[in-house]
Amino acid sequence: MIDALFSGANYQGVKKMLDATTLRQEAIASNLANIETPHYKRMDVQATFASELSRAIGTGSAHTVRGVQARITVDTSATAQNRDGNTVQLEKELMLLQKNMVAHHMQTQMISGTFTKLRSAIKSR
Amino acid sequence: MNINILPGVDSAASALQAEKVRMEVISQNIANANTTRTDKGGPYQRQVVRFETIMANQFDPYSAKAEVRVSGIEMDNRPFKIMHQPGHPDADADGMVKYPNVNVHEEMADLIASSRAMEANLSIIRTARQMAMQTLAIGKN
């Protein structure tokens, strides 16, 4: 019975999102660290992650969701704003950083919610 | 999968270190903006830092990250400023004095860029800490 709480496609999905958020934080940190490095190309979680995950959650199978993996790739869609060939834009990265932090907050709350459900079931109140 | 509890702080720390070196070089340039004689002879030559990316865990897309380091401090080879000052002790036979190729305005602009980059990297460390705290609070309420 307890397994049902933790093996649902939604719970597994949130875990995957949390993995992606942590990786994206790493990518944003790398981008901001290299904001002045010539020819540096910005990195990010693969652009298809969101669609891969929502398709997997749509199937309702926790096993399919577990197969989705976030990974860091070079963002080929970003273009250099000046002649040094660096594709990092400070404002964009800071905006992504804030967005990522809010997403992380939401995901930890959702995971906590699952535990809260279990606890209230045990305490029966 | 290798997940860091404080994601991104390694990159941010490497950037803080590199920006610190850049700030030191900038302040050295400003300090020597009017130095007409150095121990190598001739006026002070402007120095620039060169940044380089270090890819950590390059072949593991689940924990790849890019750090930065100063790969070298190079000389700026632009020409010196030449001014006519016959009374100057370093003036040549025609009364011309070579001044460093340092432009203080350019240095100030670089200094501000450097301090902005530092702030951005500090905000990475701040958010990483908040994220770690939230992660540790999972299941606490």
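Note that the coordinates shown come from a computational prediction; the quantities given were computed from them, not determined experimentally. Numbers restart at 1 for each chain; the letters A, B, ... are given by sequence-line order, proteins then strands. Only heavy atoms go into these numbers, but all of them, side chains included; no hydrogens, no water, no symmetry mates.
Separating the CZ atom in B:Arg116 from the CG atom in A:Leu90 is a distance of 9.0 Å, to the nearest 0.5 Å. To the nearest 0.5 Å, atoms CE (B:Met55) and OH (A:Tyr40) are separated by 6.5 Å. Taking OG from A:Ser30 and CD1 from B:Ile54, the interatomic distance works out to 11.0 Å, rounded to the nearest 0.5 Å.
A pairwise comparison of heavy atoms in A:Ile72 and B:Ala64 identifies CD1-O, 3.0 Å as the closest pair. Across all non-hydrogen atoms, the minimal contact from A:Leu32 to B:Asn121 is O-ND2, 3.6 Å. The shortest non-hydrogen separation linking A:Thr37 to B:Phe51 is CG2-O, 3.7 Å. Across all non-hydrogen atoms, the minimal contact from B:Thr127 to A:Met101 is CG2-SD, 3.2 Å. Counting all heavy atoms, side chain and backbone alike, A:Ala33 lies closest to B:Ser11 at CB-O, 3.4 Å. Contact detail for A:Asn100 and B:Met131: the closest heavy-atom pair is ND2-CE, 4.5 Å.
For NZ of B:Lys81, the number of neighbouring non-hydrogen atoms (other residues, nucleotides, ligands) closer than 6.0 Å is greater than 12. A:Gln89 CD: more than 12 foreign heavy atoms inside a 6.0 Å radius. Surrounding NZ of A:Lys41 are more than 12 heavy atoms belonging to other residues, nucleotides or ligands, all under 6.0 Å away. In this structure, B:Met83 places its CE atom where more than 12 heavy-atom neighbours from other residues, nucleotides or ligands lie under 6.0 Å away. Around NE2 of B:His88, the count of heavy atoms belonging to other residues, nucleotides or ligands within 6.0 Å exceeds 12. Residue-environment remark: CE (B:Met75) exceeds the threshold of 12 foreign heavy atoms within 6.0 Å.
Your options are A:His104, A:Arg71, A:Glu36, A:Gln107, and the one with the most heavy-atom pairs under 4.5 Å with chain B is A:His104. Per-residue counts of heavy-atom pairs under 4.5 Å with chain B were compared for A:His105, A:Glu93, A:Met43; the largest is that of A:His105.
The contact between A:Leu94 and chain B is made entirely by side chain atoms (from C-beta outward), counting heavy-atom distances below 4.5 Å. Interface residue A:Ile28: backbone and side-chain heavy atoms are both found under 4.5 Å from chain B. Only the backbone of B:Glu67 comes within contact range of chain A, judged by heavy atoms closer than 4.5 Å. For B:Arg50, no part lies under 4.5 angstrom from a heavy atom of chain A. Residue contact with chain A, scored on non-hydrogen atoms closer than 4.5 Å, involves the backbone and the side chain of B:Ala128 alike.
Between the side chains of B:Thr53 and A:His39, no donor N or O sits under 3.5 Å from an acceptor N or O.
Each of B:Val68 and A:Ile35 belongs to its own hydrophobic cluster when Ile, Leu, Val, Met, Phe, Trp and Tyr are linked at side-chain heavy-atom distances under 4.5 angstrom. Put simply, A:Val68 and A:Val14 are part of the same group of oily side chains (I, L, V, M, F, W, Y) that touch within less than 4.5 Å, one to the next. The cluster map of Ile, Leu, Val, Met, Phe, Trp and Tyr, joined by side-chain heavy atoms under 4.5 Å apart, puts A:Met110 and A:Val65 in the same cluster. Residues A:Ile122 and B:Ile138 share a single hydrophobic cluster, defined by chaining ILVMFWY side chains whose heavy atoms lie under 4.5 Å apart. Under the 4.5 Å side-chain heavy-atom criterion for Ile, Leu, Val, Met, Phe, Trp and Tyr, A:Leu18 and A:Tyr11 are members of the same hydrophobic cluster.
Here the side chain of A:Glu26 pairs no donor or acceptor atom with the backbone of B:Lys65 at under 3.5 angstrom. A distance-only check finds a donor-acceptor pair linking the side chain of A:Ser112 to the backbone of B:Gly139 [under 3.5 Å].
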